[in-house]
Protein chains: 2
Amino acid sequence: MKPTIKDIANKAGVSIATVSYVINKTKPISAETKNRVQKTIKSLNYHPSKSARSLVTGKTGNIGFILTDDHFLRTEPFYTRIFLGTEFEARGEGYYILLTSIKPDFNEKDSLPRFILNKSVDGLLIAGKIPSILISRLSAYNIPTVFVDFIPPGNNYPLVLIDNIQGGLLATSHLINLGHRNIAYISGDIDHPSLSDRLSGYKQALENAKIPIRNNLIFTNTNYPDRQNGFYLAKKLFTNNKEVTSVFAGNDAQAIGVMHYLKDNGYKIPKDVSVIGFDDIEADLMLDPPLTTIRVPKVELGVEALRLIVNLLKNKKSIHKKILIPVDLIIRNSTSAYKPR
Amino acid sequence: MKPTIKDIANKAGVSIATVSYVINKTKPISAETKNRVQKTIKSLNYHPSKSARSLVTGKTGNIGFILTDDHFLRTEPFYTRIFLGTEFEARGEGYYILLTSIKPDFNEKDSLPRFILNKSVDGLLIAGKIPSILISRLSAYNIPTVFVDFIPPGNNYPLVLIDNIQGGLLATSHLINLGHRNIAYISGDIDHPSLSDRLSGYKQALENAKIPIRNNLIFTNTNYPDRQNGFYLAKKLFTNNKEVTSVFAGNDAQAIGVMHYLKDNGYKIPKDVSVIGFDDIEADLMLDPPLTTIRVPKVELGVEALRLIVNLLKNKKSIHKKILIPVDLIIRNSTSAYKPR
DNA sequence: AAATTTTAGTTAAACGTTTAACCATATTTA
DNA sequence: TAAATATGGTTAAACGTTTAACTAAAATTT
């Protein structure tokens with residue numbers, strides 16, 4: 001039978017309280033007995049019962065992870081990686097992650113994730129854009145919550161975000177350093193904070209380098225930021241601006257679209273036009289040429305989110321913290337030094 | 001404060017035992033009191049404490065889900081979908097899924113998933129190919145286990161599998177029905193039961209149609225079954241066999257490689273050569289022409305797996321069951337009727 | 001040396017359920 | 001009509017922890 005704390009206490013010749021204190025380091029115990037107890041625990045392969053523990057402490061030891069179906073099922077395993085980061089970190093902290101997905105069109109009538117209703121989680125991680133109706137319905141439950149890669153309306157929650165501005169800066173500066181001056185920014189979904197922040201980084205880099213910002217080199221719309229939109233925006237860009245020598249696309253998918261357009265129209269990459277993306281998706285390495293981009297450390301995003309929520313749970317204080325995860329420039333072959341044509 | 005069973009009992013004017021019996025339907029209670037209790041539960045928004053329940057029943061209400069990192073992070077969300085199926089079904093059954101991934105090279109020294117060590121799961125779902133060392137180490141714990149999309153060595157576990165033979169049969173018959181006679185099968189990783197089963201289906205279809213099986217139309221190796229290998233095998237196939245009019249590839253990735261080869265070499269698809277794949281991955285629809293393939297109902301795989309494990313847990317009997325999930329033929333534009341060249 | 005504090009431990013209650021054993025009362029059977 | 005059996009409920013123990021309150025012995029302070 002599974003050993004209980006009682007078995008340990010008996011075998012070690014102490015009370016069960018002492019065993020508990022040893023396990024939880026919650027009271028000073030003499031080195032001698034501590035050792036004896038620990039040996040006994042090892043020898044019987046004892047693991048405390050989680051349910052007994054939760055029952056008395058009122059803590060479940062679980063953290064809920066919510067994201068929308070479509071985010072979870074995306075071809076590019078972005079949120080999957082974030083989840084992996086949280087799961088990994090949770091192992092060390094002794095928490096379990098309860099993952100559930102909701103419909104992207106979650107509404108009034110849909111029932112909340114059952115771990116909310118059951119009170120089976122101590123805290124909540126919410127990844128990616130989710131319907132605000134969910135957020136408002138959730139708020140009634142007063143569960144400590146951390147948002148990952150999404151700024152909820154009202155913005156009074158702790159957050160873990162990608163440093164998109166820094167990324168935009170990094171990407172654009174890379175092109176500037178290569179000697180480019182006619183640098184375009186293209187992106188759809190420009191209402192999304194991530195994409196508009198990247199644009200801010202772009203502008204900042206130009207300012208830093210004292211290169212005038214030219215609005216005719218900035219092509220944005222609110223379309224879904226995929227390859228197709230990249231292609232579409234590249235077309236608009238290049239039919240009006242022959243002089244452009246480099247393009248910073250709001251994300252890799254659109255960068256691929258841009259490359260597609262350029263190839264179709266006889267431009268050589270990077271000889272004629274340099275292209276840089278953002279995200280570092282898996283497809284990048286398959287491209288010809290491989291795409292220079294900004295790497296987003298997804299696993300780390302998850303790790304940080306878990307640390308933050310655990311911190312929140314331990315210190316009870318509703319730290320109103322905002323963690324920005326730095327990104328890296330990954331130089332591959334789609335960018336090269338400017339050469340006059 | 002969170003209401004307890006006691007609050008319900010008090011408010012409804014019965015004992016806590018009665019409340020418990022009503023909730024669990026484990027003893028006959030008069031319609032009248034039953035109603036009163038249920039009303040009270042609703043009105044106080046009462047949910048039984050999971051930990052208290054586990055403590056006394058010895059059941060955790062959790063099911064572990066194990067897969068390797070690389071499977072979880074695959075670009076094609078195959079296992080992610082399976083997981084979603086289990087999670088979805090688990091909601092209905094009142095179980096929680098604890099997902100954890102292990103390294104593909106899991107070995108003696110790696111520690112087992114902590115939900116095993118902690119005994120925090122009642123049952124186990126294992127998806128995809130995993131190291132046999134894990135299986136043997138797991139067996140010591142005697143946890144009811146169901147394997148999904150993988151036949152463990154020894155094969156004495158309940159399984160939920162894709163009906164690959166039927167799929168192979170379906171794919172090949174489709175080509176036969178279109179009038180093709182020179183039908184090739186190509187695939188890497190031929191040691192993998194899924195891929196070899198598909199080959200069996202292929203052969204069976206030919207036999208059924210009384211078309212001789214010709215080994216020079218079957219090109220297999222043990223390479224990783226990706227696009228590149230599809231391209232490679234197509235090259236070998238077509239340099240030796242000009243008369244081939246249709247190709248059944250062991251999976252969609254390789255089918256894409258085949259299409260790539262054909263296009264590069266001036267074959268028109270499907271006019272000159274019909275191509276059919278297997279899996280129905282997301283990329284298929286993006287192709288030109290869209291790929292005819294065999295759809296694998298991934299979510300359903302997960303649903304069935306969960307049902308099976310729950311059954312196992314309820315009936316205690318180690319049902320040695322093997323569930324085959326049927327697949328569907330999805331006809332798109334990469335296959336067409338045979339026309340003599 | 002007496003009084004106080006510290007240290008290292010024990011005792012026992014509490015957490016919120018399930019469930020075996022029990023007990024009335026009403027119903028059926030002999 | 002008395003005895004046996006259903007019916008619908010109650011009581012209380014048990015599950016395995018944590019932790020407040022307590023105690024005895026040792027160390028420190030006065």
Side-chain angles (χ1 to χ4, degrees), chain A residues 1-38 40-41 44-62 94-96 117-122 313-314, chain B residues 1-38 40-41 44-62 94-96 117-122 313-314:
Chain A
M1 223 20 248
K2 223 186 135 178
T4 73
I5 199 172
K6 220 171 175 175
D7 299 321
I8 306 297
N10 285 153
K11 191 159 177 214
V14 295
S15 72
I16 60 166
T18 303
V19 178
S20 175
Y21 292 134
V22 168
I23 293 171
N24 300 301
K25 306 193 200 344
T26 142
K27 263 207 173 176
I29 301 290
S30 74
E32 194 196 358
T33 38
K34 194 191 290 183
N35 260 314
R36 195 149 29 93
V37 169
Q38 283 168 337
T40 318
I41 289 177
L44 295 189
N45 191 26
Y46 165 76
H47 291 270
S49 147
K50 209 189 158 199
S51 23
R53 211 172 231 183
S54 321
L55 184 56
V56 47
T57 62
K59 303 285 157 206
T60 66
N62 299 327
Y95 280 94
Y96 285 107
L117 301 171
N118 291 342
K119 313 245 193 289
S120 303
V121 295
D122 301 333
L313 294 175
K314 285 200 178 137
Chain B
M1 224 20 249
K2 224 187 134 177
T4 74
I5 198 172
K6 218 170 176 174
D7 300 321
I8 307 297
N10 286 152
K11 192 162 177 210
V14 295
S15 72
I16 62 165
T18 302
V19 178
S20 176
Y21 292 134
V22 168
I23 293 172
N24 300 299
K25 307 193 200 344
T26 141
K27 263 206 173 175
I29 300 292
S30 73
E32 193 196 356
T33 38
K34 193 190 292 186
N35 260 314
R36 193 151 28 93
V37 169
Q38 284 167 337
T40 318
I41 289 178
L44 295 189
N45 189 28
Y46 164 76
H47 291 271
S49 146
K50 210 191 157 197
S51 25
R53 210 173 232 183
S54 318
L55 185 56
V56 46
T57 61
K59 302 286 158 206
T60 67
N62 299 328
Y95 280 94
Y96 284 107
L117 301 171
N118 291 343
K119 314 246 192 291
S120 303
V121 295
D122 302 335
L313 293 175
K314 285 200 179 134

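Throughout, protein chains are lettered first and strands after them, A, B, ... in sequence-line order, and every chain is numbered starting at 1.
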Tightest non-hydrogen contact, residues A:Y46 and A:I23, listed as CE2-CD1, 3.6 Å

Out of D:dA20, C:dG9, D:dG16, minimum distance to the side chain of A:Y21 belongs to D:dA20

Taken to the nearest whole Å, CD1/A:I16 to C1'/D:dT19 is 11 Å

Atom NZ of B:K25 and atom C1' of C:dT18 are separated, to the nearest Å, by 16 Å

Does A:S15 put a side-chain nitrogen or oxygen below 4.0 Å from OP1 or OP2 of C:dT10?
yes

In whole angstroms, the gap separating P of D:dG16 from CG of A:L55 amounts to 12 Å

Just to confirm, is there a sub-4.0 Å distance from OP1 or OP2 of C:dG16 to any side-chain nitrogen or oxygen of B:T4? no

Looking only at C:dT17, C:dA12, D:dT10, the nucleotide nearest the A:A17 side chain is C:dA12

Any side-chain donor near an acceptor of the partner, A:S54 and A:S51, under 3.5 Å: no

Between B:T18 and D:dT10, does any side-chain N or O lie under 4.0 Å from OP1 or OP2? yes

The reported gap from CG in A:L55 to CZ in B:R53 (rounded to nearest 0.5 angstrom) is 13.0 Å

A:R53 atom CZ is separated from D:dT18 atom C1', nearest whole Å, by 9 Å

Quiz prompt | N/O (side chain, B:T26) to phosphate O (OP1/OP2, C:dT18) under 4.0 Å | solution = no

Exercise for review: Could you tell me whether the phosphate oxygens of C:dG9, OP1 or OP2, come under 4.0 Å of any side-chain nitrogen or oxygen in A:T33?
Suggested key: yes

Between CG of A:N10 and P of D:dG16 the distance, given in whole Å, is 13 Å

A:I29 CD1 to C:dT7 P, in whole Å, measures 13 Å

If you count heavy atoms of other groups shown closer than 6.0 angstrom to NZ of A:K6, is the number above 12? no

Under 4.0 Å between a side-chain N/O of A:S20 and OP1 or OP2 of D:dT18, yes or no? yes

Rounded to whole Å, the NZ-C1' distance (A:K59 to D:dT17) equals 16 Å

DNA chain D nearest-nucleotide lookup for A:S49 and B:K34: closer to the 5′ end is B:K34

**OP:** Side-chain contact test, heavy atoms from C-beta onward, threshold under 4.5 Å: evaluate it for A:Y96 versus A:T60 and give yes or no.
**Re:** no

Of C:dA8, C:dT18, D:dT10, the nucleotide closest to the side chain of B:T57 is C:dT18

Of the listed C:dG9, D:dT18, C:dT18, the closest approach to the A:K27 side chain comes from C:dG9

B:K6 NZ to D:dT11 C1', in whole Å, measures 13 Å

